[in-house]
Asks: 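First the structure, which I've put down as C-alpha cells, then a few questions once you've had a look.
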Amino acid sequence: MVQNRSKVQNRVRPTPAIVRKAIFDILRDVEDKIFIDLYAGKGFVGMEALKRGAGEVIFVEKDPVLCIFIKNSLQKKKLADKARVYNMDAVSFLQDSSHEYDIIFADPPYESGELEKIFKIFENKNLIKEGGVLILQHYKNESLREKLKGLKIHKCYRYGDTFLTVYRRTE
C-alpha cells in the first residue's frame, strides 16, 4: 500500500502555493459560489475555495486513492458538508453535467491533450453561469482557443512555466 501511495504522489503535480494564491486574487470573491475543481489531485485548490466561503465545491478526480485523500482532508478540516467528491474523469463529468456553475477551475496534466477535450465540450454546451469564469492552469507551450461558446479569454497570467488563463462569460 505504501508503494501505491508513492506512485500516486509522483503523478500528482499540486498547484504551487503562489499559483493557488493568484487564482483567488484573480477571482477575488468566491463566497456562496459553486466552485468546480477538475483534475482535483489532492484537492488543495477546492479546499482553499471552501476556506474562502464558497457555497459548494465539487471535486472531480479519477484516481480513487486521491479521492479518499480529499474526503479524509475534508473530514479533518470540517469542510465536508459543503463538498462533493466525484471519482470520475473530468471530461466525463463535464459531458454528463446539465448545470451551469459560477467557477470552473481545471488543472489537467500538462501536455496531455485534455485541454482540447475540454474545449470540445465547451464548444457544444454552456456550463458557466452569467458572470462566471473558467480558469485553466496549463503549461506555457499549450495552445488555447480565444473563444468558446459564450466564453472569451479575459486575461492570461504567467508564473514561470505555468499559465492561468481566465475565460469569462460574454453574454
Side-chain angles (χ1 to χ4, degrees), residues 13 15 19-41 43-63 66-67 70 74 79 81-159 162-171:
R13 177 190 37 78
T15 299
V19 177
R20 256 193 334 269
K21 180 184 181 313
I23 291 164
F24 292 97
D25 287 348
I26 291 163
L27 292 171
R28 294 189 187 150
D29 178 27
V30 298
E31 201 164 321
D32 299 322
K33 305 274 195 234
I34 299 173
F35 188 105
I36 309 298
D37 186 355
L38 297 176
Y39 307 92
F44 295 148
V45 173
M47 283 188 223
E48 185 66 26
L50 286 168
K51 289 178 195 171
R52 291 174 182 247
E56 179 182 21
V57 174
I58 298 171
F59 297 86
V60 181
E61 173 53 54
K62 71 177 180 180
D63 188 314
L66 291 173
C67 287
I70 293 168
L74 289 165
L79 297 170
D81 61 326
K82 290 188 173 187
R84 286 188 277 161
V85 180
Y86 288 88
N87 181 200
M88 67 187 299
D89 175 71
V91 171
S92 297
F93 174 84
L94 293 173
Q95 286 172 332
D96 294 347
S97 183
S98 59
H99 294 86
E100 290 184 350
Y101 305 100
D102 298 300
I103 302 161
I104 297 178
F105 171 73
D107 178 16
Y110 286 178
E111 299 181 306
S112 63
E114 290 292 301
L115 280 177
E116 193 55 40
K117 293 175 186 176
I118 290 171
F119 292 148
K120 285 181 182 173
I121 292 166
F122 276 95
E123 282 294 333
N124 294 311
K125 62 194 305 192
N126 189 5
L127 296 168
I128 303 290
K129 287 182 180 178
E130 190 173 328
V133 295
L134 167 66
I135 298 183
L136 302 176
Q137 182 177 327
H138 57 93
Y139 187 64
K140 66 180 179 179
N141 294 336
E142 290 183 282
S143 60
L144 302 179
R145 296 187 188 176
E146 187 177 329
K147 292 181 180 179
L148 301 165
K149 183 180 181 179
L151 298 171
K152 183 178 178 184
I153 289 180
H154 173 70
K155 200 160 185 181
C156 294
Y157 302 85
R158 183 176 183 168
Y159 303 91
T162 297
F163 273 74
L164 292 175
T165 300
V166 179
Y167 288 83
R168 292 208 179 267
R169 178 105 180 250
T170 55
E171 297 173 339

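These numbers come from the heavy atoms of this one structure, side chains and all, not from hydrogens, waters or symmetry mates.
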Asks: Could you tell me the separation between the NZ atom of Lys62 and the OG atom of Ser92, rounded to the nearest 0.5 Å?
Replies: 9.5 Å
Asks: Roughly how far, to the nearest 0.5 Å, is CG of Leu79 from NZ of Lys51?
Replies: 7.5 Å
Asks: Should Leu38 and Phe59 count as side-chain neighbours, where that means a heavy-atom distance under 4.5 Å?
Replies: no
Asks: Contact between Leu94 and Leu127 at the side-chain level, heavy atoms closer than 4.5 Å - yes or no?
Replies: yes
Asks: May I ask you to test the Ile128-Tyr167 pair for a side-chain heavy-atom distance under 4.5 Å?
Replies: no
Asks: Looking at Asp102 and Lys129, what are the two nearest heavy atoms and their distance?
Replies: OD1-CD, 3.2 Å
Asks: Tell me whether Asn126 contacts the main-chain N or O of Phe122 through its side chain, where contact means a donor paired with an acceptor under 3.5 Å.
Replies: no
Asks: Would a 4.5 Å heavy-atom cut-off, applied to side chains only, mark Leu164 and Leu136 as touching?
Replies: no
Asks: Is there a donor-acceptor pair under 3.5 Å between the side chain of Lys125 and the backbone N or O of Ser97?
Replies: yes
Asks: Give a yes or no on whether a salt bridge exists between Lys117 and Glu114, defined as a side-chain N under 4.0 angstrom from a carboxylate O.
Replies: yes
Asks: Do Met47 and Ile70 have side chains that get closer than 4.5 Å, going by heavy atoms?
Replies: yes
Asks: Start with the C-alpha gap between Arg168 and Lys152, add the side-chain angles, then the distance that decides, and say whether side chain to side chain contact (heavy atoms under 4.5 Å, CB included) holds.
Replies: CA-CA 6 Å; Arg168 292 208 179 267; Lys152 183 178 178 184; over 6 Å; no
Asks: Of the non-hydrogen atoms in Glu123 and Leu148, which two are nearest, and what is the gap between them?
Replies: OE2-CD2, 3.5 Å
Asks: Rounded to the nearest 0.5 Å, what separation is found between the CD1 atom of Ile104 and the CD1 atom of Ile135?
Replies: 11.0 Å
Asks: Thinking salt bridges, do Glu31 and Arg52 make one under a 4.0 Å N-O criterion?
Replies: no
Asks: Can you check whether Ile153 reaches Val166 side chain to side chain, under 4.5 Å on heavy atoms?
Replies: no
Asks: In the structure I gave you, are the side-chain heavy atoms of Glu56 and Arg84 within less than 4.5 Å of one another anywhere?
Replies: yes
Asks: Are Tyr39 and Glu61 linked by a side-chain donor-acceptor pair shorter than 3.5 Å?
Replies: no
Asks: Atom CD1 in Ile34, atom NZ in Lys82: separation rounded to 0.5 Å?
Replies: 12.0 Å
Asks: Out of Leu134, Val57, Val45, Val133, which one pairs with Phe105 under the side chain to side chain contact (heavy atoms under 4.5 Å, CB included) rule?
Replies: Val45
Asks: Drop me the distance from His138's NE2 to Glu111's CD, to the nearest 0.5 angstrom.
Replies: 11.5 Å
Asks: Between Thr162 and Tyr157, do the side chains contain an N or O donor and an N or O acceptor separated by less than 3.5 Å?
Replies: no
Asks: Before accepting this row, confirm whether a basic side-chain N of the pair Arg169/Glu100 lies closer than 4.0 Å to the acidic partner's carboxylate O.
Replies: yes
Asks: To check you understand the geometry: which heavy-atom pair defines the closest contact between Arg28 and Asp25, and what is its length?
Replies: CG-O, 3.3 Å
Asks: In terms of the angle between their ring planes, are Tyr110 and Tyr139 parallel, tilted or perpendicular, with boundaries placed at 30° and 60°?
Replies: tilted
Asks: Measuring from Phe93:CZ to Ile121:CD1, what's the distance to the nearest 0.5 Å?
Replies: 10.5 Å
Asks: At their closest point, which heavy atom of Ala54 faces which heavy atom of Phe35, and how far apart are they?
Replies: CB-CB, 4.5 Å
Asks: Between Asp37 and Val60, is there a donor-acceptor pair closer than 3.5 Å when you use the side chain of the first and the backbone of the second?
Replies: no
Asks: Considering all heavy atoms of both residues, which atom of Ala83 and which atom of Leu50 are nearest to each other, and what is their separation?
Replies: CB-CD1, 4.1 Å
